[in-house]
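One structure is given here, and the rest of the page talks about it.
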Amino acid sequence: MKITQDHVALLEFELTSDAGEVLDTSQGRQPLAYIHGKGGILPGLEKALDGKTTGDEFKIRIPAEEAYGKYIDGMEQRVPRDQFPAEMELLVGMQLQAKGPDGQVHPVMVTEVAESEVVLDANHPLAGVPLNFAITVKEVRPATEEELGHGHVHGPGGHQH
Ligand code: ZN
């Protein structure tokens, strides 16, 4: 069966950076399940999957601009260390929730920890990173009425309810 509009596809994938670092993988867990044509996955990836069938294996590189966006300078914020609880361990690469001036909570990443201050970056951790996917299509089937109504996949790799 081919992956077309309103079909469920189950994918095994490995996501690596250009340097070959594994950023994410389905290995050791359920395959990724999505409904085709609903914009639930990155548009470049969805386009590449169009018309693929069970057993197909392929690789695709998605430029940063079509994935999590370019890295934007000036989104760092220097915060005095004493604004964090003293017992809190702060490590580079750690993700935190920060309240912005608008009162909204945004995810930020710790990029520098000094004695007196901490640098937080509001860019997405994968901003500026081209994504290299290695994909294997494990299963393709039509989505059920219920799945289309809910907008998500039921069963393995999807919602269990
Ligand atoms: Zn549901």
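Keep in mind that what you see is a predicted model, and the values were worked out from it rather than measured. Numbering of ligands and ligand atoms starts at 1, following listing order.
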NZ/NE/NH1/NH2 to OD/OE distance under 4.0 Å, Lys38 and Glu46: no
Pair His36, Asp6: side-chain N/O donor-acceptor within cut-off below 3.5 Å: no
SB check Asp24 Arg29 (cutoff 4.0 Å): yes
Cut-off under 2.8 Å, centre the Zn ion (ligand 1), protein N/O/S atoms: His150 ND1, His152 NE2, His154 NE2, His161 NE2
Side chain to side chain, Leu120 and Val110, heavy atoms closer than 4.5 Å: yes
Residues Glu117, Arg81: salt bridge by 4.0 Å N-O rule: no
Donor on one side chain, acceptor on other, His150 and His159, under 3.5 Å: no
